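The block underneath contains the structure these notes are about, expressed in structure tokens.
In what follows, every chain begins at residue 1, and chains take the letters A, B, ... in the order their sequences are listed. What you see is a predicted model; the values in this text were computed from it and never measured.
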2 protein chains.
Amino acid sequence: MLDPVSRVRRFNRAVTSAVGALDTSFLGRGRPLGAARVLNAIGHGHSDVGELRDYLGLDSGLMSRLLRGLEDEGLIGTQAHEDDARRRVASLTRAGKREFAAYEAMSNTQAESFLARNSQVEALLAAMDLIASALTRERIALAEMDPQSEEARYCLGEYYAELGRRFKQGFDVSLSRDPDAKDMRRPRGSFIVATSDTLPIGCVGLKGTDHGYAEIKRLWVAPCARGLGLGKRLMNAAEDAARTLRIALLRLDTNSALPEAGQLYRTTGWREIPRFNDDPYPDLFFEKQIRA
Amino acid sequence: MLDPVSRVRRFNRAVTSAVGALDTSFLGRGRPLGAARVLNAIGHGHSDVGELRDYLGLDSGLMSRLLRGLEDEGLIGTQAHEDDARRRVASLTRAGKREFAAYEAMSNTQAESFLARNSQVEALLAAMDLIASALTRERIALAEMDPQSEEARYCLGEYYAELGRRFKQGFDVSLSRDPDAKDMRRPRGSFIVATSDTLPIGCVGLKGTDHGYAEIKRLWVAPCARGLGLGKRLMNAAEDAARTLRIALLRLDTNSALPEAGQLYRTTGWREIPRFNDDPYPDLFFEKQIRA
DNA sequence: CATATTATCTGACTAAAGTCCGATAATGCT
DNA sequence: AGCATTATCGGACTTTAGTCAGATAATATG
């Protein structure tokens, strides 16, 4: 009852019955679960019939009949794919959008009421983030994004907040050279965000300079995603980006108050070098040669 | 994507697909899910047919047919209940026990591999406990137990560990008067444990004395269950127990290093009184008159 | 002791989910 | 152009889950 495995299994039981309750609530709109799932998947952007089948794990005959049913209800329409007329693309009609919105409202209400029933909301959310990240770790996606996109700004906000907590003297963003977004956009640089099922959980910036090297900046991994090797994955992605940009030398600065970071760099081929800028925060400097 | 509701829904999605995988793995033994669930419920001690129906939420006809099926497979047997021959009691045959053990092994393996895939095991387990407790808070059961039962000893162990952490000077159990278990058994007293789906998450002791009052001792609420009002529920249960034991006056001692506790007592009708024992740890003393 | 209540079982039924296979039409390949 | 491949569709079918209305037997109640 008290060993780790039992605790995991207790969690599974609790969550299984909660998920069951969530599922049956979807029956409230007079439609079997299968049809409701298809409608919601379409609403969430899975429009290709083939992709829908994959996402929901359904047989093609079953899928087809469910789509026909939703069409008969007037909730969706299907068109041939513009590049390949064998494939079909589903889309919500006006009525379908209303129905989808109703399901969304139910889901949101449910989530809100769960939060409202509990007091330690921040602790709960952190626990949920942690578990969701652990469960979906195989599905963490890295993607290049604009450094001013919503996802990137969220990551940077969390990054600065964390620096503020880590440095005893606090951290003032304006004091650190805040690299121009344009230096972290192609063709000068790159900005990479890791997301786990829509939640940004890490980032790294590759900032172009005019001195024959590029800098790695803003490496951040969300607390809920630590221990998954995400830092290394992000660094590899940044190096790959540097390769495609034909950048041969990378530099970075960091602070000894962030020991995990220094450890990561040392074990992945970075070499400590003397200070190469006059930024007041960093006290450790690294360099790495990129092989094509 | 970043607001609390989205985070809850991300968690729901992650967990739904994990639960689905877990469910389908149960299909691997060539038996539909319904039958597998019944077999496992019996294995976990739900032997009464009526209780089984309740626990699994199944119609009596369906239940009956599933039991017949398992009987035909030679996995279970049913007998009339010894007190009431209308009721039936199911039990595993030798083959049934083997089959149940196989399901258990699958569940355990799954839990182990989840833990093995992740590094921050302690953080994950704490998060799982927290969420499981939040999800099952409506189903927290209070029950009188022997103060030397496994559940009670677990609670007391955690309680002392927590005291050790809270008191700067540490805490030596042997120094505090460890009330004899017999003083917390009927008819002199009582010991109440709160469990959430088999995990003990809180306790309280009612210790009889020869001085015309009883003492409340060892009030503990697991970290993962705080904020759910469990302390108050435990205290109410202890007062109820005192009523059934015809004890009219309760006393307790506590320490100002545990502010939540003092707060709880003050808001539930307890009155601060002068020191009534020479125990070195407590520095706050309370009393409450119990009305029949 | 007669009657009502209960716990379970059986049979007849429906709905939902899922499988399998052949048909159809668009596309890719030689 | 001819042929294989691919994506979807529709029909026939099975399994699983679930409902409902008696039937039966044991127990409770007046």
The side chain of [X] is closest to which nucleotide in this list: [options]?
X	options	answer
Leu62(A)	dA26(D), dT8(D), dG18(C)	dG18(C)
Pro32(A)	dA17(C), dT27(D), dA7(D)	dA17(C)
Arg53(B)	dA7(C), dT8(D), dC20(D)	dA7(C)
Arg86(B)	dA7(D), dC9(D), dA25(D)	dA25(D)
Asp84(A)	dA7(D), dC9(C), dT27(C)	dT27(C)
Ala85(A)	dT27(D), dA26(C), dC9(D)	dA26(C)
Val49(A)	dC9(D), dG11(D), dT8(C)	dC9(D)
Leu67(B)	dA26(D), dT19(C), dC9(C)	dC9(C)
Ser60(B)	dT19(D), dG10(D), dT8(C)	dT8(C)

### Query
Within the pair Arg87(A) and dA26(C), is there a side-chain N or O less than 4.0 Å away from OP1 or OP2?
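The answer is no; no side-chain N or O of Arg87(A) sits under 4.0 Å from OP1 or OP2.
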Value in whole Å for how far the [atom2] atom of [N] lies from [atom1] of [X]:
X	N	atom1	atom2	result
Asp59(A)	dA17(C)	CG	P	14 Å
Leu70(B)	dC9(C)	CG	C1'	16 Å
Asp23(B)	dG18(C)	CG	P	12 Å
Leu27(A)	dA16(C)	CG	C1'	10 Å
Met63(A)	dC9(D)	CE	P	9 Å
Asp48(A)	dC9(D)	CG	P	11 Å
Gln79(A)	dT8(D)	CD	C1'	15 Å
Asp54(B)	dA7(C)	CG	C1'	12 Å

#### Entry: Chi angles and distances behind the side chain to side chain donor-acceptor pair (under 3.5 Å) call for Arg13(B), Thr136(A)
CA-CA 10 Å; Arg13(B) 279 192 301 274; Thr136(A) 57; over 6 Å; no
### Message
So that I can tick it off, tell me whether Glu71(A) and Arg68(A) are bridged by a salt bridge, with the cut-off set at under 4.0 angstrom between side-chain N and carboxylate O.
### Response
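Between Glu71(A) and Arg68(A) there is a salt bridge, with a charged N closer than 4.0 Å to a carboxylate O.
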### Salt-bridge present (Arg87(A), Glu51(A); N to O < 4.0 Å)
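So Arg87(A) does not pair with Glu51(A) through a salt bridge.
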### Query
So what does Arg68(B) hit on the nucleic acid, given a heavy-atom distance under 4.0 Å: a base, only sugar-phosphate, or nothing?
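Answer is sugar-phosphate: Arg68(B) comes under 4.0 Å of backbone atoms only.
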### Task
Would you kindly compare Arg37(A) and Glu82(A) by the position of their nearest DNA chain C nucleotide and give the one closer to the 5′ end?
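Here Arg37(A) is the residue nearer the 5' end.
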### Query
Which residue lies toward the 5' end of DNA chain D, Asp83(B) or Arg65(B), if each is placed at its nearest nucleotide?
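The residue whose closest nucleotide sits nearer the 5' end is Arg65(B).
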### Query
Mind checking whether Phe100(A) and His44(A) have parallel, tilted or perpendicular rings, split at 30° and 60°?
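Perpendicular: the ring planes of Phe100(A) and His44(A) meet at over 60°.
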### Message
Before you tell me yes or no, could you show the steps for Ser133(B) and Ser196(B) under side chain to side chain donor-acceptor pair (under 3.5 Å), namely the whole-Å CA-CA distance, both residues' side-chain angles and the distance that decides it to 0.1 Å?
### Response
CA-CA 7 Å; Ser133(B) 296; Ser196(B) 162; 4.7 Å; no
### Test side chain to side chain donor-acceptor pair (under 3.5 Å) applied to Ser113(A) and Arg117(A), step by step
CA-CA 6 Å; Ser113(A) 90; Arg117(A) 272 198 307 277; 3.2 Å; yes
